[in-house]
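Presented below is the structure to which this report refers.
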Amino acid sequence: MVLRNALLVLGSILVTTIMAEATVRVIDGYRFLAFPLDGTAEPTEVPAQWLDKVALAPGVDRAWFADDPPPLPNRKPVPEDWLRLFRQIENNPPSDGSFRAIDAFRAWNAKYAGDPCQNRVLRHAPGQLYFYDPVDGGALPPYRFPPNAALPNLLVTNQIGWRGAPIEVPRQPRTVRIVFVGSSVAMDAPHLPFGFTERAGYWLNRWAASKKLDIRFEVLNAGRESIGSREIAAVVATEVLPLRPDLVVYHEGGNQFRLESIVEKMPADEAARPPQPQASIPDWLQTAARYSALATRFSTALRIAGIEAANAAASGASSANSGAEWPKPDYRIAWPAGLDEADPDLDYPNLPVSLSIIQRDLDRIRGNLDEIGAQFTLTSFIWMVKDGLVLDPVRHRYIIDQLNIANYPFHYRDIERLAAFQNRLLAKYARIHGLAFIDFARDMPREPDLFIDAVHTNKAGSRLKGWVAFNQLVPIVEKHLAAGDWPKLPPEPPPALPTFSPRQVSVSCQ
């Protein structure tokens with residue numbers, strides 16, 4: 001009788017736990033049978049009031065927004081040995097977090113890598129790496145994605161290692177080729193079935209068909225994570241130019257965004273640095289949270305409690321809402337003398353947030369594109385930040401972390417201010433040099449439910465971003481069609497694609 005009752009109790013607990021797990025998975029948006037958890041099922045629906053903020057270009061049908069591009073023809077299963085290695089590194093990361101699991105599957109520039117055991121990142125390699133030899137002998141870009149691959153982070157690459165569908169070979173006479181270059185915000189989150197650029201290209205072709213234009217648009221994506229303007233200029237010089245694009249769109253603004261460039265004296269009190277709540281969460285719970293939505297909720301509750309305790313210690317009182325900006329030390333903004341914040345001088349020496357360096361690299365890209373008769377377009381950059389912003393500590397955890405930990409000790413108001421200044425300068429650069437400008441920051445709603453973190457969009461945000469890009473590309477396209485600039489006859493003989501073959505090398509830095 002005792003054993004039967006005990007089994008009944010245990011069975012009831014098990015059934016209740018399974019039901020609770022299922023309920024939390026539904027509430028939090030995880031795939032029902034995902035094991036381990038593969039990230040939440042991010043929202044794909046964009047509320048009408050947000051969609052209505054995007055001005056439609058002439059001839060665009062709002063109903064197209066609901067349509068998806070066809071599935072990628074080059075999507076294939078991820079190799080099992082890659083999946084095993086990826087999980088091994090994820091479960092045993094280096095203590096400084098410098099080497100990420102996906103780094104084991106990038107093709108690293110051999111010149112950049114040098115002796116990998118002397119490289120801060122690559123010395124943590126799990127016994128192997130992939131290298132390639134740069135065609136120009138330079139160290140930039142530091143890496144490429146392997147060609148014709150399906151990576152463990154779900155990124156799918158084409159013949160030259162860029163995100164997306166295969167490149168048209170040979171290029172047809174009535175094709176307009178557009179290439180986006182930039183950092184991870186240009187590449188878009190790798191797990192998404194389509195990047196925003198692929199959606200923009202799909203809608204451009206819908207628009208062309210609706211107008212009975214005998215034109216095909218090929219929109220390609222040369223973006224990749226963690227690179228800045230120097231690396232992007234190298235991508236253009238070595239990978240983009242051989243494709244003879246008609247238009248290149250530059251989209252970056254976060255990886256060189258350093259607010260200390262206008263701070264008179266950085267706070268020195270390390271004790272005031274915001275908490276790293278993960279450190280107080282037991283290892284077993286962090287592991288369980290990879291497999292259980294219930295454990296994830298419990299882990300999040302402990303994290304919030306840690307934030308609250310740290311905030312109370314820092315401010316002398318508990319924060320009323322852990323989704324508010326965390327307490328930060330005071331510092332003094334020293335705005336450069338004589339620099340007009342509303343109308344920046346492009347030639348001002350040592351502009352804030354690396355904008356002098358960025359302009360030099362934009363000049364180099366512009367010059368390279370002029371040589372092949374290609375057009376150049378800039379974009380504004382979006383930060384999901386505003387003074388007084390209050391976020392949901394569960395849904396918007398990564399926005400909170402990026403704004404309060406990665407960008408410590410800077411206040412939301414100063415990040416917002418410098419982001420607006422950067423966009424004004426980029427818009428002026430485009431205007432002065434006669435370039436088109438795609439204004440994401442103007443048309444994308446500042447709604448945290450559209451973002452993964454403070455700069456990267458989720459599924460719904462990526463769809464809306466693609467819609468913004470499409471509607472602002474239409475007038476650019478119309479201008480060049482009317483002038484007879486596009487479509488061009490492809491060069492003869494057709495240039496070879498900048499393909500490469502990564503080689504696997506053994507790395508032992510023990």
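Computed from heavy atoms alone, side chains included, the values below leave out hydrogens, waters and symmetry copies.
Classified by interplanar angle (parallel below 30°, tilted 30° to 60°, perpendicular above 60°), the ring pair Phe257/Trp383 is tilted. Under the 30°/60° scheme for interplanar angles, the aromatic rings of Phe86 and Phe105 are found to be tilted.
Outside the 6.0 Å centre-distance limit, the rings of Phe217 and Tyr202 are not counted as a close aromatic pair.
The stretch residues 355-375 participates, sequence neighbours left out, in these salt bridge (Lys or Arg N to Asp or Glu O under 4.0 Å) pairs: Asp363-Arg366. Listed by first and then second residue, the salt bridge (Lys or Arg N to Asp or Glu O under 4.0 Å) pairs that reach into residues 148-161 come to none, sequence neighbours excluded. Sorted pairs that involve residues 147-159 and meet salt bridge (Lys or Arg N to Asp or Glu O under 4.0 Å), not counting sequence neighbours, are lacking altogether. Residue pairs meeting the ring-ring contact (aromatic ring centres under 6.0 Å, His included) criterion with at least one partner in residues 415-438, sequence neighbours excluded, are Trp335-Phe421, Tyr429-His433. Residues in residues 134-160 take part in these ring-ring contact (aromatic ring centres under 6.0 Å, His included) pairs, two or more places apart or across chains: Trp108-Tyr143, Tyr143-Phe145. Sorted by first and then second residue, the pairs that involve residues 178-187 and meet side-chain hydrogen bond (donor to acceptor under 3.5 Å, both in side chains), not counting sequence neighbours, are Ser183-Glu252, Ser184-His456. Among residues at least two apart or in separate chains, salt bridge (Lys or Arg N to Asp or Glu O under 4.0 Å) pairs with a member in residues 144-173 are Arg144-Glu239, Arg163-Glu198, Glu168-Arg216, Arg171-Asp246. A side-chain hydrogen bond (donor to acceptor under 3.5 Å, both in side chains) check over residues 131-141, counting only residues at least two apart or in different chains, returns the pairs Asp133-Arg503.
In this structure, the side chain to side chain donor-acceptor pair (under 3.5 Å) partners of Asp103, at least two apart in sequence or on a different chain, are Arg106. In terms of the side chain to side chain donor-acceptor pair (under 3.5 Å) criterion, residue partners of Ser380 (sequence neighbours excluded) are, by chain and number, Asp439.
Residues Pro190 and Leu151 form no side-chain contact, since every pair of their non-hydrogen atoms from C-beta on lies 4.5 Å or further apart. Within the 4.5 Å cutoff, no side-chain heavy atoms of Leu247 are placed close to those of Val179.
Between Arg62 and Asp52 there is a salt bridge, since at least one side-chain N of the basic residue sits less than 4.0 Å from a carboxylate O of the acidic one. Comment: Arg177 engages Glu218 in a salt bridge, judged by a side-chain N to carboxylate O separation of less than 4.0 angstrom.
The local environment of CZ in Arg230 is sparse, with at most 12 non-hydrogen atoms from other residues, nucleotides or ligands closer than 6.0 Å. Residue-environment remark: CG (Asp67) exceeds the threshold of 12 foreign heavy atoms within 6.0 Å. No more than 12 heavy-atom neighbours from other residues, nucleotides or ligands sit within 6.0 angstrom of NZ on Lys111.
Side-chain atoms of Thr157 come within 3.5 Å of backbone N or O of Ala149 as a donor-acceptor pair. No donor-acceptor pair under 3.5 Å is formed between the side chain of Asp414 and the backbone N or O of Phe410. Counting only distance, with no hydrogens or angles, the side chain of Ser354 and the backbone of Gln256 share a donor-acceptor pair below 3.5 Å.
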Result block: side-chain N/O donor-acceptor pairs under 3.5 angstrom for residues 122-129, not counting sequence neighbours:
| residue | atom | partner | partner atom | Å |
| --- | --- | --- | --- | --- |
| Arg123 | NE | Arg120 | O | 3.4 |
| His124 | NE2 | Ser98 | OG | 3.4 |
| Gln128 | OE1 | Gln504 | NE2 | 3.1 |

May I have the list of side-chain donor-acceptor pairs in residues 473-494 shorter than 3.5 Å, sequence neighbours left out?
| residue | atom | partner | partner atom | Å |
| --- | --- | --- | --- | --- |
| His480 | ND1 | Asp485 | OD2 | 2.9 |
| Lys488 | NZ | Gly373 | O | 2.6 |

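In this model, a donor atom of one side chain and an acceptor atom of the other lie less than 3.5 Å apart for Asn221 and Thr197.
Relative to the ring axis of Phe440, Lys465 places its NZ or CZ within 45° and under 6.0 Å from the centre. For the pair Arg199 and Phe470, the cation-pi criterion (under 6.0 Å, within 45° of the ring axis) is not fulfilled.
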